[in-house]
Each structure stands twice: as C-alpha cells, then as structure tokens.
Amino acid sequence: MVAVISASGKRLMPTTERKARKLLKSGRAEIYAYRPVFTIRLLDREDGYTQPIEYCCDTGYQHIGISIKSEKREYVNEQRDLLADETERHNDRRKYRSARRNRKTRYRKARFSNRKGLIAKDGFAPSIRNKRNVHIALYESYCRVIPITKATFEMGQFDTQVLKALEEGKLLPEGKEYQQGESYGYATLREAVFDRDNYTCICCGKSAIRDGVILKLHHLGYRHGDRSNRMSNLGSVCDKCHTSKNHQPGGKLYDLKPKLKSFKGASFMTSVKYSMIRLVKEATPDVEVSITYGAMTKLQRKELGLEKSHNNDAYAMGAFHPKKRAGLTQYKKVRRNNRILSKFYDAKYIDIRDRKEKSGSQLGCNRTDRSIPRNNPRNERIYRGEKVSNGRISTRRKHYELRPGDMVLFEGRKYVVKGMQNGGAYVSLEGRTPVAVKKVKPNCHTGGWIKAS
C-alpha cells in the first residue's frame with residue numbers, strides 16, 4: 001500500500017506500489033513521506049473521491065495490533081512490539097545525569113522548584129506515559145496520510161486482585177480484603193517473604209531457625225526482565241546459595257521464574273484507558289472514536305475463524321472485515337540513543353577442572369558480602385588456569401551518525417545497520433560483513449522502529 005496526498009493536501013485513497021511507481025516516473029507525483037507508510041503527493045490533482053476507512057487498534061502494554069481497512073480491502077496489517085526494559089532505561093538515564101552533575105567542578109544551586117509538575121505532570125510514571133503516547137502517536141501518524149473516518153480501540157478495566165485470586169485458586173476478595181495486601185500485618189516486605197517461605201531456603205531447603213543459615217531476598221524473574229518487588233517475584237535464598245556462580249548459566253538461581261505472572265498489562269490499560277481516549281478525540285475531532293472490549297473482540301475473531309494474535313484481534317474489530325487482507329508486517333521499537341559510554345569486558349581464564357574457557361565472574365570468590373574473606377570455602381579463584389584475555393573497559397568517545405536500525409544503501413541494495421566498529425570507521429550490516437562507512441549512503445532513519453526479522 002502507498003498512501004496518497006493531493007496537491008492541496010487532501011488525503012486520498014491509498015494506491016498500489018505499481019501505480020505509485022508509474023506516477024513518480026512520469027513526474028505526476030513526488031515523494032511526500034516515508035513513515036509510517038510510503039506516501040506520495042500528486043502534483044496535478046487537488047481533489048478526489050474517498051471511501052470510509054476505519055482504524056482498529058488492539059492496545060497493549062507490550063504489543064500493539066493495528067488494522068486499517070475499508071469495506072473491500074485491508075491496507076495495513078501490523079504488529080508493533082514496544083521496549084521491554086523501558087523502566088530500566090529511565091533509571092539508567094537518571095544515574096548518568098546524576099553522575100555528570102557530580103563531576104562538574106562548579107557548584108550549582110539545587111533547582112527543585114522549576115521541576116514541579118514535570119515528574120508527574122498528568123499523574124503517570126514516565127514509562128507508562130511513554131507507552132500511552134506511542135499508541136496515540138501511531139494513530140496520529142496514520143491519520144495524517146490516510147483518510148480515516150472511524151477509529152476503534154480495544155480497552156478494558158481489570159481488577160488485578162480478582163485476576164490474582166483466580167490464578168492462585170483462592171477465594172475472590174471482598175470488602176476490606178482489597179485494602180489488606182500480601183504484606184498486611186508485617187513490618188517489612190522482607191519479613192513477609194521470609195514468613196511465607198517458612199524461613200527456609202527455596203534452593204537447598206535449609207532453615208534459618210533450624211540450621212542457622214542467613215537468608216537473603218532474590219528476584220526470581222530478574223533474568224527474564226521482571227525486576228518488580230511483588231511478593232510472587234521474591235524468594236528466600238540462603239547466603240550459601242545466593243552466589244554469583246549460581247546466577248550464571250547452570251546455577252541454582254539461573255532458571256528460577258515466579259509462579260504467578262505479572263499483571264503489568266492489566267494495570268497499564270486500567271490506568272490509561274480514559275486518558276488515552278480523551279487525547280485521541282482531541283487530536284482528531286473529525287474522526288468517530290469508539291471503544292470495544294476483549295470479550296467482544298474474541299467473539300468476532302472466532303466467528304471469522306482467525307487464530308489468536310494481536311493483528312487478528314485488530315482486524316476482528318469494527319464494522320469492516322474485507323476478504324482481501326494485507327500481509328503482516330511486524331515492527332519492534334529500538335532505542336534512539338545509547339547513553340552507556342563505558343562497557344566492561346571480563347577477563348577469560350581456563351578452568352583447570354574441565355579445561356573450558358570461563359569468565360572471571362564465573363571463577364570468582366563467590367562472596368556475598370565484603371566482610372567475608374576471599375579465601376572462603378566457596379572460593380573458585382584457585383581454579384583459574386591460563387589467562388586467555390585481559391579484562392578491559394571500552395569507552396565510546398563520540399556520537400556516531402548511524403545508529404542500529406537505520407537503513408543504508410550499499411551497492412544498490414538496502415541494509416539495516418547493526419552497529420559501528422573500529423571507532424566508527426566501519427559499519428556492521430545485517431546479512432553481510434562490515435564495510436567502510438565511506439562506502440554506504442544513509443537512506444532514512446527508522447524513527448525508533450525497525451522491522452522484526
């Protein structure tokens with residue numbers, strides 16, 4: 001599909017790539033935009049007939065399904081995957097900015113008053129606000145080039161307490177039980193987790209009361225991106241099991257996962273539901289905006305005989321269900337800037353026990369506290385054999401013009417940039433060996449989105 005804009009700026013019905021190439025080659029049209037879809041502008045036509053087109057969106061915390069369709073055909077069939085570690089990136093940025101302020105030689109008076117209202121200007125955390133704004137930005141970008149007349153968003157309001165009770169097989173909460181959380185009656189969350197696990201290590205089964213071991217809190221889903229402090233994601237682990245070795249592949253803690261899934265998606269949709277619809281209506285007052293629910297979408301999808309997916313859910317919404325569907329295109333969001341300037345590469349050693357190459361952290365002293373001497377019973381530094389490579393710190397000292405996800409032209413073909421090498425002299429491309437930066441020609445920036453392989 002190619003979007004079409006008239007000479008006067010009116011949005012016309014989309015056309016095919018073949019017709020668009022003919023119009024561009026004959027000089028009757030020019031390139032107008034590359035995102036969100038390739039768009040041309042007609043030079044010899046100021047008006048045209050348009051048909052009703054509806055925009056359907058399966059909203060979500062991690063995945064977004066989009067279907068733009070008319071009565072006869074579907075023009076856009078997409079799935080957008082958002083960043084999974086957005087909160088951690090915000091925390092990283094906060095640390096980098098704080099470190100930079102502390103490195104300044106001059107003293108600058110604290111200015112807390114001018115930040116009033118910026119941290120929570122609309123009552124949402126930065127990560128939640130960003131995910132909400134991505135939904136709105138995608139919708140607005142399509143409305144700028146396609147004559148959308150109706151929009152349908154799947155919204156829902158979820159009771160996470162009820163969902164949790166159903167997952168655990170417990171009775172549904174009632175009345176004051178909503179105010180009494182998991183740690184009700186405990187002074188700290190740490191105490192609540194230890195008492196839930198009977199002051200016993202979940203790995204070795206030793207008890208702090210019976211065996212005298214020291215217990216520590218461990219985030220079960222940390223390796224899988226779950227850093228939350230909810231009780232189902234925390235476990236009691238003794239100090240002998242809570243070592244750096246057990247955090248590595250093959251260790252006791254490496255494959256642990258929380259038994260109860262996170263309800264981030266449900267909480268996100270419940271909190272941003274009304275705010276998102278209000279902003280969408282304000283952005284496009286001439287478009288009829290409506291809300292549907294997951295139960296209705298599920299019934300329509302089953303009637304159409306479609307499998308469960310985010311793009312199929314979006315297609316099942318609304319009034320139009322054309323037989324001529326567009327091919328699925330999947331995008332994933334990428335970081336616009338990498339603020340990590342220094343990266344540490346660990347030294348490599350040969351393990352004298354199995355003659356395998358391992359990092360220095362794998363063959364460490366395995367102490368969990370600096371009060372513990374290095375020569376403790378769990379010390380594995382004694383098994384370090386021949387040193388294969390030294391540890392080093394790589395520091396990026398300049399900003400590169402090309403970023404991962406950007407499109408470049410090389411020898412008449414388009415490639416996606418994977419990264420830069422040798423101080424920016426070479427660029428790594430998907431599907432081929434690195435080439436000199438001087439030999440490639442930047443095609444267009446992705447705007448934070450790249451096609452998922």
Side-chain angles (χ1 to χ4, degrees), residues 60-64 81-99 119-120 123-134 158 160-161 163-164 167-168 181-183 186 188-197 201-203 215-239 241-272 332-344 346 361-362 364 366 368-369 448:
Y61 180 79
Q62 196 62 46
H63 308 285
I64 304 174
D81 300 329
L82 305 180
L83 289 174
D85 54 353
E86 188 125 11
T87 303
E88 285 73 25
R89 298 303 182 188
H90 279 289
N91 293 336
D92 289 342
R93 181 184 64 176
R94 193 177 296 111
K95 288 188 295 185
Y96 299 143
R97 296 297 299 174
S98 177
I119 298 176
F124 296 108
S127 57
I128 298 298
R129 186 188 305 120
N130 177 266
K131 289 182 182 293
R132 180 202 63 182
N133 292 345
V134 167
F158 304 93
T160 54
Q161 297 278 33
L163 293 176
K164 183 181 175 183
E167 287 283 336
E168 295 179 334
E182 297 173 308
S183 57
Y186 296 96
T188 61
L189 179 63
R190 179 188 183 90
E191 180 186 352
V193 175
F194 289 164
D195 186 64
R196 181 202 62 190
D197 296 336
C201 176
I202 60 175
C203 292
L215 294 179
K216 297 180 177 294
L217 283 183
H218 174 68
H219 288 78
L220 304 177
Y222 188 88
R223 188 176 72 86
H224 306 282
D226 190 350
R227 273 79 164 175
S228 62
N229 286 329
R230 54 194 177 90
M231 281 188 62
S232 57
N233 191 41
L234 298 174
S236 306
V237 182
C238 69
D239 59 340
C241 294
H242 197 262
T243 61
S244 58
K245 178 183 178 181
N246 285 332
H247 283 79
Q248 303 295 329
K252 297 179 181 179
L253 308 177
Y254 188 73
D255 289 323
L256 292 180
K257 295 180 182 179
K259 295 180 180 179
L260 188 64
K261 66 179 182 179
S262 173
F263 297 106
K264 281 185 177 181
S267 301
F268 163 76
M269 190 49 57
T270 302
S271 61
V272 305
K332 62 179 180 180
K333 203 171 189 302
V334 294
R335 299 174 60 191
R336 289 179 180 268
N337 296 292
N338 183 5
R339 294 180 175 86
I340 299 178
L341 301 181
S342 297
K343 190 174 182 180
F344 174 71
D346 205 350
S361 60
Q362 290 177 297
N366 287 315
T368 57
D369 194 337

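Separating the NE2 atom in H224 from the CZ atom in R227 is a distance of 10.5 Å, to the nearest 0.5 Å. Atoms NE2 and CG, from H219 and L234 in turn, are 5.0 Å apart once rounded to the nearest 0.5 Å. With rounding to the nearest 0.5 angstrom, the CE atom of M231 is 7.0 Å from the OH atom of Y186. Of the inter-residue distances, the one linking N233 atom CG with H218 atom NE2 reads 8.5 Å to the nearest 0.5 angstrom. Between atom CD of residue E167 and atom OG1 of residue T160 there is a gap of 12.0 Å, rounded to the nearest 0.5 Å. Note: L83 CG to S127 OG = 11.0 Å, rounded to the nearest 0.5 Å.
Counting non-hydrogen atoms of neighbouring residues, nucleotides and ligands closer than 6.0 angstrom, the NZ atom of K261 reaches no more than 12 such neighbours.
At distances below 3.5 Å, at least one donor-acceptor pair connects side-chain atoms of T188 with backbone N or O atoms of E191. Judged by distance alone, the side chain of D346 and the main-chain N or O of S361 form a donor-acceptor pair under 3.5 Å. Judged purely by atom type and a 3.5 angstrom limit, N366 has no side-chain atom pairing as donor or acceptor with the backbone of T243. Under a 3.5 Å cut-off, the side chain of D197 and the backbone N or O of I202 do not form any donor-acceptor pair. Side-chain atoms of K131 come within 3.5 Å of backbone atoms of Y61 as a donor-acceptor pair (strictly under, hydrogens ignored). With hydrogens and angles disregarded, no donor-acceptor distance shorter than 3.5 Å links the side chain of D226 to the backbone of S262. Remark: the backbone N or O of K245 is not paired with any side-chain donor or acceptor of Q362 at under 3.5 angstrom.
Taking both residues in full, the closest heavy atoms of G60 and I64 are given as O-CG1, 4.4 Å, listed atom of the first, atom of the second, then distance. Between C201 and C238, the shortest heavy-atom contact is SG-N, 3.4 Å. The nearest pair of heavy atoms linking F194 to L217 is CE2-CD2, 3.8 Å.
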Please output the side-chain donor-acceptor pairs of residues 251-260 that fall under 3.5 Å, not counting sequence neighbours, one pair per line with the distance.
from	atom 1	to	atom 2	distance (Å)
Y254	OH	R223	NH1	3.3
D255	OD1	R223	NH2	3.2

